Number of protein chains: 2
Amino acid sequence: MEKFKDWLTEANLKKTKHRLLVLDILYETNDFLSADDLFLKAKHKDANISLSTIYRILDNFVEKNIVSTINMENTKQVYYELAHQEHSHHLICLNCNKVIHLKGCPIKAYEETVSSKYRFNIERHTLDFYGYCEKCQNKKSSKV
Amino acid sequence: MEKFKDWLTEANLKKTKHRLLVLDILYETNDFLSADDLFLKAKHKDANISLSTIYRILDNFVEKNIVSTINMENTKQVYYELAHQEHSHHLICLNCNKVIHLKGCPIKAYEETVSSKYRFNIERHTLDFYGYCEKCQNKKSSKV
DNA sequence: TTTTTAAATGCTATCCATTTGCATTTAGAC
DNA sequence: GTCTAAATGCAAATGGATAGCATTTAAAAA
């Protein structure tokens with residue numbers, strides 16, 4: 001995708017095939033992926049890329065705000081997705097790890113209140129809801 | 001502390017000196033501690049306890065809701081504290097990792113809205129604000 | 001286009017928080 | 001006190017992530 005090259009230019013990163021590959025996979029998957037997920041998907045595309053390169057690329061992207069991360073509660077891995085332009089919150093399924101993005105932010109006012117109350121200079125916040133998605137509510141016991 | 005023994009009884013866990021020690025340290029520290037922090041503090045008290053025991057005790061406590069965990073963004077370690085009775089949110093300093101607990105929850109209504117909108121069965125949520133505490137705003141560059 | 005060079009990559013070894021296996025000890029029921 | 005399951009210590013293993021270093025490559029300079 002042509003816009004990916006623009007992103008890399010803007011971020012002052014060289015336009016390498018590996019970086020474009022990582023962007024492609026994240027874009028078409030449109031979901032959170034671990035470094036290892038990306039590694040396997042790359043392999044599946046017959047791409048030759050080492051896991052450490054993936055980690056390095058992801059670090060670059062996070063630093064440049066091209067990619068954002070999330071913590072699933074039940075695993076130690078870090079998950080990555082293309083950064084959303086807009087600030088968003090999440091519904092995270094404790095069974096299948098599916099993530100639903102919520103638009104809009106209900107706590108702007110609250111943030112200002114606590115910021116001044118505690119003289120705390122707030123840079124960002126996370127608001128994540130954990131529970132069970134519609135599918136997993138039905139087939140309760142099946143682990144994915 | 002006597003009430004700690006009650007907690008263990010309620011949780012159906014044996015009242016061992018190690019478990020009481022971990023509770024003591026968490027109580028008097030009144031802050032988030034990593035497993036290793038606990039290990040060092042125990043050593044400092046001349047207590048003989050192995051790191052793996054600490055991990056096992058913390059796992060027990062988390063399972064029984066005696067202890068709760070938090071993710072600091074800038075480290076891979078898990079941090080633990082005595083569980084607060086009341087649901088609370090956090091202000092987390094990106095410089096010194098200090099955590100301020102916020103009482104009350106501003107998003108009950110929002111939670112219900114998204115829960116029914118997405119037919120998502122929400123079990124719990126996290127709301128954490130990251131930024132710089134009053135102290136660290138002043139002495140900007142000093143890492144703790 | 002060719003040359004040049006700093007950035008990017010592959011491979012391997014390493015780190016480090018956490019977990020596990022197993023023999024030993026201990027809390028607490030009897 | 002005796003007994004047994006639970007708890008513990010120690011050492012090794014695990015697993016995600018990182019670092020070192022030689023090689024390759026993007027892209028600026030000539």
Side-chain angles (χ1 to χ4, degrees), chain A residues 2 4-25 32-43 45-64 66-67 69-80 97, chain B residues 2 4-25 32-43 45-64 66-67 69-80 97:
Chain A
E2 206 52 35
F4 294 158
K5 294 192 180 176
D6 297 343
W7 294 3
L8 294 175
T9 306
E10 273 176 48
N12 207 20
L13 294 171
K14 286 185 181 174
K15 295 176 262 312
T16 69
K17 63 178 178 203
H18 290 148
R19 285 189 177 135
L20 293 169
L21 173 67
V22 168
L23 289 174
D24 269 340
I25 295 175
F32 282 95
L33 295 174
S34 68
D36 205 60
D37 291 338
L38 275 160
F39 183 57
L40 294 176
K41 280 181 187 288
K43 224 174 211 160
K45 281 179 176 255
D46 287 320
N48 216 47
I49 181 170
S50 88
L51 188 54
S52 51
T53 298
I54 288 178
Y55 277 109
R56 280 186 285 227
I57 288 175
L58 288 170
D59 285 348
N60 292 157
F61 286 178
V62 167
E63 194 186 344
K64 302 290 188 177
I66 293 171
V67 155
T69 63
I70 199 174
N71 284 308
M72 305 291 182
E73 279 201 340
N74 44 358
T75 159
K76 274 179 294 182
Q77 290 174 93
V78 177
Y79 285 80
Y80 303 83
N97 282 335
Chain B
E2 206 52 34
F4 295 158
K5 293 191 180 175
D6 298 342
W7 293 2
L8 293 176
T9 305
E10 273 175 49
N12 208 20
L13 294 171
K14 286 187 182 174
K15 295 176 263 310
T16 68
K17 64 179 177 202
H18 290 149
R19 284 186 178 139
L20 292 169
L21 173 67
V22 168
L23 289 174
D24 269 338
I25 295 175
F32 283 97
L33 295 174
S34 68
D36 205 60
D37 291 338
L38 275 160
F39 183 58
L40 294 176
K41 279 181 188 288
K43 224 174 212 164
K45 282 180 177 252
D46 287 320
N48 217 47
I49 181 171
S50 88
L51 188 54
S52 52
T53 298
I54 287 178
Y55 276 108
R56 280 187 282 227
I57 288 175
L58 288 171
D59 285 348
N60 292 157
F61 286 179
V62 167
E63 193 185 343
K64 302 290 188 176
I66 294 170
V67 154
T69 61
I70 198 175
N71 284 308
M72 306 291 181
E73 281 201 340
N74 43 0
T75 160
K76 275 178 292 184
Q77 291 173 91
V78 177
Y79 284 80
Y80 303 82
N97 281 336

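So you know, we letter chains A, B, ... as the sequences are listed, proteins then strands, and number each from 1. All values derive from a computational prediction rather than experimental measurement.
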- For A:Asn60, side chain to side chain donor-acceptor pair (under 3.5 Å) partners two or more places apart: A:Arg19
- When rounded to the nearest 0.5 angstrom, what distance separates CD1 in B:Ile49 from CD1 in B:Ile57? 4.5 Å
- Message: Does A:Ile57 reach a base, just sugar-phosphate, or nothing at all? Heavy atoms under 4.0 Å.
- Response: sugar-phosphate
- Item | More than 12 heavy atoms of other groups within 6.0 Å of A:Asn48 CG | no
- Item | For A:Asp24, side chain to side chain donor-acceptor pair (under 3.5 Å) partners two or more places apart | none
- In whole angstroms, the gap separating P of C:dC15 from NZ of A:Lys76 amounts to 18 Å
- Could you check how far CD1 of B:Ile54 sits from C1' of D:dA7, rounded to whole Å? 14 Å
- Tell me, for nucleotides 22-30 of chain C in 5' to 3' order, what letter each nucleotide earns: B for a base near a protein heavy atom under 4.0 Å, S for only sugar-phosphate near one, - for neither? -----BS--
- Most 5' of B:Asp36 and A:Ile49 on DNA chain C, judged by nearest nucleotide: A:Ile49
- Message: I'd like to check the ring-ring contact (aromatic ring centres under 6.0 Å, His included) partners of B:Tyr79; sequence neighbours left out, ordered by chain and number.
- Response: none
- Message: Whole angstroms only, please: what is the CG-P distance between A:Leu20 and D:dT25?
- Response: 15 Å
- B:Asp36: side-chain contact (heavy atoms from CB on, under 4.5 Å) partners, not counting sequence neighbours: B:Ser34, B:Phe39, B:Leu40, B:Leu51, B:Gln77
- Taking only N and O in the side chain of B:Ser50, is any of them less than 4.0 Å away from OP1 or OP2 of D:dG9? yes
- Task: Rounding to 10 degrees, work out the angle separating the end axes of the helix from C:dT1-D:dA30 to C:dC30-D:dG1 (five pairs an end).
- Result: 30°
Anything under 3.5 Å between a protein N or O and an N or O of nucleotides 28-30 of chain D, put it in a table, one pair a line.
none

- By ring-ring contact (aromatic ring centres under 6.0 Å, His included), A:Phe4 pairs with (sequence neighbours left out) A:Trp7, A:Tyr27
- Please give, in whole Å, the distance from C:dG10 C1' to A:Lys43 NZ? 13 Å
- Message: In whole Å, I'd like the distance from the CZ atom of A:Arg19 to the P atom of D:dA26.
- Response: 11 Å
- Under the side chain to side chain donor-acceptor pair (under 3.5 Å) test, which residues partner B:Thr53, sequence neighbours left out? B:Ser50
- Item | Along DNA chain C (nearest heavy atom to each residue), the more 5'-positioned of B:Ser52 and A:Ser52 | A:Ser52
- Taken in chain and number order and not counting sequence neighbours, the residues that satisfy salt bridge (Lys or Arg N to Asp or Glu O under 4.0 Å) with A:Lys45 are A:Glu28
- Mind listing the closest non-hydrogen atom pair of A:Ile54 and A:Ala35 along with its distance? CG2-O, 3.8 Å
- Message: Distance check needed: D:dT24 C1' versus A:His18 NE2, whole Å only.
- Response: 11 Å
- side chain to side chain donor-acceptor pair (under 3.5 Å) partners of A:Lys15, counting only residues at least two apart: A:Thr9
- Query: Just how far, in rounded Å, is C1' of D:dA7 from CG of B:Asn60?
  - Reply: 9 Å
- Grab the OH-P distance between B:Tyr55 and C:dG21 for me, whole Å please. 18 Å
- Does A:Phe32 have any ring-ring contact (aromatic ring centres under 6.0 Å, His included) partners at least two apart in sequence or in another chain, and if so, which? A:His90, A:His101
